[in-house]
Amino acid sequence: MFKVAVIGGSGLLGRALVDELARETGWQIFSTSFSRPSPESVTLDIRDGQAVRQFIDRVAPHAVVIAAAERRPDVCEHDPALARALNVDAVRTIAAAANHCGAWTLSLSTDYVFDGTHPPYRHDSAPAPLNAYGHSKLDGERALSETAERGCVLRLPLLYGPIVSWSESAVTSLVPAIAASAAPNGQPATMDAWAIRYPTYTPDVAFVIRQMLEWHANGETISGIVQWSGDEPMTKYEIAVRLAEALQLDAHLTPQRTPIDATPRPHNCHLASSRLEALGIGRRTPFDAAIREVLTAFPWRGDSSAA
Ligand SMILES: NC(=O)c1ccc[n+]([C@@H]2O[C@H](COP(=O)([O-])OP(=O)(O)OC[C@H]3O[C@@H](n4cnc5c(N)ncnc54)[C@H](OP(=O)(O)O)[C@@H]3O)[C@@H](O)[C@H]2O)c1
């Protein structure tokens, strides 16, 4: 029996991953959560080193996927200690515990390790983060490579996928403002038309991770840094236009052509996915089809569902 521990299985990506891995017969999946407990997961605070070691020793997994993190740039900017505890120190703790049982550790990172001035970025391009989130994730990458005897980092760009609240993804978090702009007497919604993003569908990332785990299960472990990205560039303004079309809303959207975010963000961090593609790994669902699946499963019902 091939055993996989998914740390952070209750998050946006973690849920898609647990769903994807459940399709493998002969695999056993152990998922953890933190503030959103469920009967299918073990509640674990990754800042508690002893609890992390106990969980991993008890499960004795062949592979550990670290999907738990603080991924909100504004929270990281205002609480760098929390960002460090989750994105750096906990990665070190989990990787050390995985070493103890000989498990392969896959940690997730971000395109925000780059400054966005010279895309596309290869896995070996020089990182230069602009904000506290990017710094913490880069330090987390280093913590993994220093600690894990067998480890890999998968860098990802802006994610979207099945949600349980609009705010879970920076793609779907645009929906309440789009809908408000379409209401009678609604004010136009201003959307960033400066930063170029590559929205990437969490079920596709989950499929990529499953393929990487299959390589490991077959004795061909992938190590170092790899990257996966969707291939459709768009600004948040363009994302909002597509969301409005999918929702059939007559939205009033205003493009903002200069950056306005309080937290500095990179312009274009397009990640080259060539290392994984060369191994025959990957899947890309077109944005318009994928976002319709998300909106069908979680329909817009007005302000009452705008959590
Ligand atoms: N979302 C994106 O656009 C994006 C882009 C690039 C890279 N990434 C990376 O992809 C990974 C997954 O991101 P995501 O979007 O799925 O994040 P998410 O939806 O915010 O989920 C975070 C996960 O971390 C868990 N968690 C939070 N604090 C914890 C703690 N103290 N102890 C244990 N678990 C804790 C959460 O558990 P509860 O929910 O149960 O509290 C949840 O399962 C992260 O490494 C992130 O940096 C994300």
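First listed ligand is number 1; within each ligand, the first listed atom is number 1. All of these numbers come straight from a predicted model, not from anything done at the bench.
- Using a 4.0 Å heavy-atom cutoff, Ser109 is listed among the residues neighbouring ligand 1.
- Atom 28 (N) of ligand 1 has its closest protein heavy atom at Leu86 CD2, 3.4 Å.
- Side chain of Asp115 to main chain of Ala128: no donor-acceptor pair is present (N/O by atom type, distance under 3.5 Å, no hydrogens or angles).
- The nearest protein atom to atom 25 (C) of ligand 1, hydrogens excluded, is given as Ala68 CB, 3.8 Å; this is a heavy-atom distance.
- In this structure, Tyr133 has a heavy atom closer than 4.0 Å to ligand 1.
- For atom 10 (O) of ligand 1, the nearest protein heavy atom (residue, atom name, distance) is Leu108 CB, 4.0 Å.
- With respect to Glu238 and Lys236, no salt bridge is recorded, no charged nitrogen being found less than 4.0 Å from a carboxylate O.
- Taking distance alone, with nitrogen or oxygen atoms compared against 3.5 Å, Arg36 approaches ligand 1 more closely than that limit.
- Arg36 and Glu168 are joined by a salt bridge, as a carboxylate oxygen and a charged side-chain nitrogen come within less than 4.0 angstrom of each other.
- In Arg155, neither the side chain nor the backbone holds a heavy atom less than 4.0 Å from any atom of ligand 1.
- At a 4.0 Å heavy-atom cut-off, ligand 1 does not touch Asn87 at all.
- Among Ala67, Ser10, Ser33, the residue whose heavy atom lies closest to atom 36 (C) of ligand 1 is Ser10.
- Using a 4.0 Å cut-off between a side-chain N of Lys or Arg and a carboxylate O of Asp or Glu, Glu146 and Arg92 qualify as a salt bridge.
- Under the 4.5 Å side-chain heavy-atom criterion for Ile, Leu, Val, Met, Phe, Trp and Tyr, Tyr160 and Leu156 are members of the same hydrophobic cluster.
- Residue Leu159 has at least one nitrogen or oxygen atom sitting less than 3.5 Å from a nitrogen or oxygen atom of ligand 1, judged on distance alone.
- For Trp166 and Phe298, the distance between ring centers is under 6.0 angstrom.
- Checked options Arg284, Arg283, Glu293; the residue passing with Tyr201 is Glu293 (criterion: side-chain hydrogen bond (donor to acceptor under 3.5 Å, both in side chains)).
- Counting only non-hydrogen atoms, the option in Arg71, Arg72, Arg197, Arg47 that gets closest to atom 17 (O) of ligand 1 is Arg71.
- In terms of polar-atom proximity, Ile46 is counted as a contact of ligand 1, with an N or O under 3.5 Å from an N or O of the ligand.
- Nearest to atom 33 (C) of ligand 1 among the protein's heavy atoms is Leu44 O, 3.0 Å.
- Between Leu158 and the options Thr200, Thr110, Ile239, a side chain to side chain contact (heavy atoms under 4.5 Å, CB included) holds for only Ile239.
- Only side-chain heavy atoms of Lys137 come within less than 4.0 Å of ligand 1; its backbone N, CA, C and O stay farther off.
- The protein atom (non-hydrogen) at minimum distance from atom 6 (C) of ligand 1 is Leu156 O, 3.1 Å.
- Residue contact check: Gly8 has heavy atoms under 4.0 Å from atoms 43 (O) of ligand 1.
- Under 4.0 angstrom from ligand 1, the non-hydrogen atoms of Pro157 all belong to its backbone.
- At a 3.5 angstrom cut-off on N or O pairs, Leu13 counts as close to ligand 1.
- Aromatic rings of Trp104 and His62 (six-membered ring for Trp) have centroids beyond the 6.0 Å cut-off, not under it.
- Electrostatic pairing of Asp111 and Arg155 does not count as a salt bridge here, judged by no charged N lying under 4.0 Å from a carboxylate O.
- Of the protein's non-hydrogen atoms, the one nearest atom 34 (N) of ligand 1 is Phe34 CB, 3.5 Å.
- Here's the thing with Gly11: one of its N/O atoms is less than 3.5 angstrom from an N/O atom of ligand 1.
- In this structure, atom 44 (C) of ligand 1 lies nearest to the protein heavy atom Ala69 CB, 3.5 Å.
- Taking only nitrogen or oxygen atoms, main chain and side chain alike, Gly14 does not reach within less than 3.5 Å of ligand 1.
- Looking at atom 41 (O) of ligand 1, its nearest protein heavy atom turns out to be Ser35 OG, 2.6 Å.
- Salt-bridge check for Arg84 with Asp139: passed, with a basic side-chain N closer than 4.0 Å to an acidic carboxylate O.
- An N or O contact shorter than 3.5 Å links Asp45 to ligand 1 by distance.
- Checked for salt-bridge contact, Arg122 and Asp124 meet the test: a charged N lies under 4.0 Å from a carboxylate O.
- The hydrophobic cluster containing Leu144 also contains Ile7, counting ILVMFWY residues as joined when their side-chain heavy atoms lie under 4.5 angstrom apart, directly or transitively.
- Ile163 is connected to Ile178 through a chain of hydrophobic side-chain contacts under 4.5 Å among Ile, Leu, Val, Met, Phe, Trp and Tyr, so both are in one cluster.
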